[in-house]
Structures are given as C-alpha cells and as structure tokens.
Enquirer: 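Can you read through this structure? Questions will come right after.
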Amino acid sequence: MLCEKCGQREATSHFKQTINGKTTVYHVCAQCAEQMGLNNLFHGFHFNIGDMFGGLLGSVSSGSAPSLERKVCPECHSDLKSISETGRMGCARCYTTFRNELLPTIEQLHGRVNHQGKLPRSAGEEARKKAQLNSLKKKLEEAVRTQDFEHAAQYRDEINAIEKGMRDNGEMV
Amino acid sequence: MVKWYEKPGSEPDVVISSRIRLARNLSNYPFYGHMTEEQMNRLAGDVKASLENINLGDNSLSFLSGDELTGYRGMSLVENHIVSPDFIQDGTGRMLVLSQDESISIMVNEEDHIRIQVMTSGLDLDSALEVASKIDDAIDASLNYAFDSQLGFLTACPSNLGTGLRASVMLHIPALEKAGSLNRLSGTLSKLGLTMRGTYGEGTKAVGSLYQISNQITLGISEEQAIKNLREIVSQIVEKEREAQKALVTSARFQDRIYRCFGTLKYAKMISTEEFFELISDFQIGISRGILTGSEFQRLSPERFNCLLFQIGGATLCQKEGRDLTAEERDELRAKIVQEALKE
Ligand SMILES: [Zn+2]
Ligand SMILES: [Zn+2]
C-alpha cells in the first residue's frame, strides 16, 4: 500500500485515531510519519469536528436552488460550493452573506446558535456592559446558593455600580 | 528560564497538562487562504505591534517569522505541541509568538488569523484562561476582531464559532485503559459536549496511555461554563483512575512489570520513542502508587517524568544538540536523559 500523504513511498506506519468512538486509520510512510509528527503523542492536535463541516454543509446545500449557488460573497468572492468543499469561510462577511444557508449546519455542530460569553471591543460598550451584568448576576446567584455571602455582597456592589453607570448615561438597564 | 512543563502542577499522577486555545480573526482582512502575501505580512505586523507593550513579567515574548521554523526546529515545536503540523508546512506570511517559558504561543496566519495558546502543567485551566484573556485583551485594545452578536467570534471554520475557546486536558489513564473503561467513558463525554482522543500506535492502546479531553462545543456556552464542565469531569476521571491503579498494583505480576520497566529505563543504552512510552507509563504507576520502595525511589515524583514527555521527541533532541542526529544517536541520547531523571 502506498503512503496516503505523499503517494510515493510504501506505507509502513499505521495510525489509528479514535474520536468519540469513531476510528480513522492513516497509512503513511516513515518519512511522512516523522514529518507529520505522527510518532509522538501530540498528533491529533489539529483534527476537529469542523473537518466534517464541509460534508455536512454539502449535503444540506446540494438540494438547493441553482440561484443560490450563484450567490457570491462581495468581499472574498467565495460561494457556497467553495465553502462546502473546503469547510472554511473565505472571510468574516461570508457569515452575513450566507447566514440563512449556514445556520442549520451551525446548529447541527453546536446545538445552539446564540453566542454566550466574552465580547470584544467591536461588540460595543453597551453590549459588553450587559454581558458583564449577566455574568455577575449568575455569579451572585451561585454565591447565594452556596451561602458564600462575602462574595455575594461583592457581586451585588459591582452590579449596582454598573447599573448606576448605565442609568447615568441614559441607557436601558 | 524554567519551561512551563518543568513547573509542578496539581494532580500530577494523572493530569499531565492543561491547555487553553482561543481562535480570533481580524475584521479588516479576509481569512487565511484568501489573503495576498503582502496582506499576511501586514497582519503579522499589526499583531506584533499590539503585543509590543504587554507586561508578562520576565516571561517576555519573542516574534519568529514562519520562514525560520524549518527542519528540526519546526518539528520540535510540533512535537511539543507549540504549533500545528500544518503551520510549519508553509511558513510564508506566518509568525509565531513564543514566550520564554514556552507556555504562551500565538500562531499568526494559521487556519485563523490568530490562535492564542496557553499551557500549564497539571490541572489548571483557570490560570491558563487568565493568561490567554490578558493577551486577547491586549490585541483587542488596538485591533478590530471579527465578531457577530449571534455567532460570536467569527472563525474560518464554523466549529470554533462563539467563544473560539478550546480547553483541553492531557491525561495519563493507563489503569482505566487496561480495565476497558474508555469506550464507555468516551460515550459519556460526547453526551456532555466533550471529546476524547488518543494517539494510537499498532494495536488498540494509545501511545503512552495518554488521552486528551476537550470541549467540542463553542457556541452558546460561556468560557467559564465550558471550563467548569471540563474541570468537573476531569476531577471525576482522576479519582476513577487512582482507584483503578490501586486495584492494578495489588497483582504480583503487575508489580513485577513495574520493576522490569525500571530496569530497562535505568540500564538500557538506547531507547526508542515507542519503547519510552511503553515503559514510562507502567513505571509511573509504580511511582504514583508507591510500589517502588527503597531509598533510590524516595525522591522520584510523577512531575519529574511528566516533563520528560516534552524532552525526548526526536526533533527536540536534535534541537537540544543543535544538529541533525541519526536514529541511533537519538536513541542513545534519549536513554541518557531518562537515566539523568532517575538519578538522585
Ligand atoms: Zn509518504
Ligand atoms: Zn467572504
């Protein structure tokens, strides 16, 4: 059997990788194994479920109308076909351009489609404050539940300070 | 400077290391693969400028061009988990930011524009996240991240959308593996949105009985919650592994095996990578569970052998010696390093 990587030398190394019970076997030659770092414990670093994304998206979009396939991202000129082939977006704008087509597959991957957690500066000050408030409120609830009153008081104060600041700026709390 | 893996960590008998990775992209460049070389170089320059004034104490950052990461130097970075194999395949327009102790590495122009990675020894996801967030904030202060209020941080691959956070823990779980418990564990993990992977050599066992558990879902779950889920499940696995090890070492046959591993590790003149992983795993159980008695074992701790994992890779040995070594030379040097760790 020939090496699956270079297709030139005889495959002498066989590596099995199991992710959540699904096993894939790689057949590679000694040089490629060394080059890919397969001989050490860190192989698998790069593999993720996203490698299946293209396939998932492809199966969703293959039945869609021809007009859809002609839609291209105005920024990077990717279309749905190239995205499902590579499993990667061409640019951030692709997510806006193909949002409706992508959402079902994204939901398949994550089970949810509403971001929770950290917000960058570009999300806007108001959104960041709201997220900070939500996170503090959750911490407060947890502190009250575990009768950690010292932290609870601290979270309460932080919440009050942020809410006061927002009211002073005329924002909705 | 002492490397991150040389520092003691918590639960060292089962947890080798913890890792946090954040995937980020900038809004004013197309994603990797859609940029010109000029754009990639400019982006790398932007990231460098945003990090120039960050204060990380004496753990300062170095900026390495992708073109420098060739030969055993690049391979050694792959062996020690600092960069992905893809990253060194083509260094064009790429940059690696690496801290003195190697705990912080930032790949620029990998699959995403920016991949921040922080490693700690033992089970310590919280401080890894803290450091990663500090770097993230410094970049965010001067550059514009691609972000969407519904989808979170926008990543080249939709599997990283949301927080862009991948938290993982590397575990040494030989006793659970021998007891045949891993299939069931893997099933349980996947129901919790976690994933387990091991690298397999020939046969059915993972190399060195080392497994990595990470969160699979990044959208709709906060950083804190993702880490809490992972930490809780890992703590349970640690307890289960300890129980299984205690049961395992009651067998006279297994005790014999531990001493045999010790004998080879101590006296062999050449040790290949495969043999190293085979021997060190069972030997570690002996150290962790106090099976090896006698003065020469008194000061041996699991930490000392965990850090060997990051020192014995073929390319890492070449890097240490500063030249290409033959397979024989590598095996000899590996044996020497192991024997050094067994001394005192
Ligand atoms: Zn090959
Ligand atoms: Zn695009």
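Reminder, nothing fancy here: chain letters follow the sequence lines and each chain counts from 1.
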Enquirer: Main chain of G220(B), side chain of N114(A): is a donor-acceptor contact present, judged purely on distance under 3.5 Å?
Expert: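 Side chain of N114(A) to backbone of G220(B), a donor-acceptor pair under 3.5 Å: no, none is there.
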Enquirer: Residues in ring pair (Phe, Tyr, Trp, His ring centres under 6.0 Å) with F276(B), at least two apart?
Expert: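 With sequence neighbours excluded, F276(B) shows a ring pair (Phe, Tyr, Trp, His ring centres under 6.0 Å) to no residue whatsoever.
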Enquirer: Can you tell me how far apart NZ (K139(A)) and CD (E224(B)) are? Round to the nearest 0.5 Å.
Expert: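 Nearest 0.5 Å value for the NZ-CD distance: 6.0 Å.
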Enquirer: Taking every heavy-atom pair that is under 4.5 Å apart, which of A156(B), A226(B), G162(B) has the most such pairs with chain A?
Expert: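 Ranked by heavy-atom pairs under 4.5 Å with chain A, first place is A156(B).
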Enquirer: Hey, what do you get for CD (Q116(A)) to CG (L219(B)), rounding to the nearest 0.5 Å?
Expert: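 Interatomic distance, Q116(A) CD to L219(B) CG, rounded to 0.5 Å: 9.0 Å.
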Enquirer: CG of L161(B) to CZ of R112(A): how many Å apart, nearest 0.5 Å?
Expert: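 Those atoms lie 13.5 Å apart.
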Enquirer: Would you mind checking which part of S168(B) comes under 4.5 Å of any heavy atom in chain A, side chain (CB onward), backbone (N, CA, C, O), both or neither?
Expert: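 For S168(B), there is no contact with chain A at all, as no heavy atom is under 4.5 Å.
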Enquirer: Side chain from CB out, backbone as N, CA, C, O: work out which of these in T96(A) comes under 4.5 Å of a heavy atom of chain B, or both, or neither.
Expert: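 Contact with chain B is absent: no heavy atom of T96(A) under 4.5 Å.
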Enquirer: Looking only at non-hydrogen atoms, find the nearest pair between I106(A) and P158(B) and report the distance.
Expert: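 Smallest interatomic distance, heavy atoms only, reads CG1-CB, 4.2 Å.
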Enquirer: Looking at side-chain heavy atoms only, is the closest gap between T155(B) and Y95(A) below 4.5 Å?
Expert: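 With C-beta onward as the side chain, the pair touches.
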Enquirer: Tell me the ring pair (Phe, Tyr, Trp, His ring centres under 6.0 Å) pairs involving residues 115-136 of chain A, sequence neighbours left out?
Expert: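 Qualifying pairs, neighbours excluded: H115(A)-F147(B).
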Enquirer: Would you confirm whether H34(B), through its side chain, and H77(A), through its main-chain N or O, come within 3.5 Å as a donor-acceptor pair?
Expert: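 No; judged by distance alone, with no hydrogens or angles, the pair does not exist.
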Enquirer: State, with a plain yes or no, whether a side-chain heavy atom of E75(A) is found less than 4.5 Å away from one of P30(B).
Expert: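 SC-SC contact between E75(A) and P30(B) ruled out.
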Enquirer: Could you state the interatomic distance from CZ (F153(B)) to CG (L119(A)), rounded to the nearest 0.5 Å?
Expert: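 So the gap between those two atoms works out to 7.0 Å.
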Enquirer: Of the backbone (N, CA, C, O) and the side chain (C-beta and beyond), which part of R93(A) lies under 4.5 Å from a heavy atom of chain B, both, or neither?
Expert: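 Looking at R93(A), nothing touches chain B.
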Enquirer: Among the options L185(B), D148(B), N25(B), L26(B), pick out the one with the most heavy-atom pairs lying under 4.5 Å from chain A.
Expert: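 The answer is D148(B).
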Enquirer: For the CZ atom on R99(A), are there more than 12 heavy atoms of other groups (residues, nucleotides or ligands in this structure) within a distance under 6.0 Å?
Expert: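 For R99(A), atom CZ is crowded (more than 12 foreign heavy atoms under 6.0 Å).
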Enquirer: Of the backbone (N, CA, C, O) and the side chain (C-beta and beyond), which part of T188(B) lies under 4.5 Å from a heavy atom of chain A, both, or neither?
Expert: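 Neither part.
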Enquirer: Between S78(A), C76(A), A92(A), C94(A), who has the most heavy-atom pairs with chain B when the cutoff is under 4.5 Å?
Expert: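 So the answer, after comparing S78(A), C76(A), A92(A), C94(A), is A92(A).
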Enquirer: Looking at NZ of K118(A) and OG1 of T163(B), how far apart are the two atoms once the value is rounded to the nearest 0.5 Å?
Expert: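 If we round to the nearest 0.5 Å, K118(A):NZ and T163(B):OG1 are 10.5 Å apart.
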Enquirer: Looking only at heavy atoms, which two atoms of L143(B) and R121(A) are closest? And how far apart?
Expert: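 So the minimum-distance heavy-atom pair works out to O-NH2, 3.2 Å.
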Enquirer: Under a 4.5 Å cutoff for heavy-atom pairs, which residue among G117(A), P120(A), S122(A), S135(A) has the most contacts with chain B?
Expert: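 Going by pairs under 4.5 Å, I would pick P120(A).
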Enquirer: Which value, rounded to the nearest 0.5 Å, describes the distance between Q150(B) atom CD and L103(A) atom CG?
Expert: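 Going from the CD atom of Q150(B) to the CG atom of L103(A) covers 5.0 Å.
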Enquirer: For Y32(B), is there any backbone N or O sitting under 3.5 Å from a side-chain donor or acceptor partner on R88(A)?
Expert: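 Here the side-chain-to-backbone pair does not exist.
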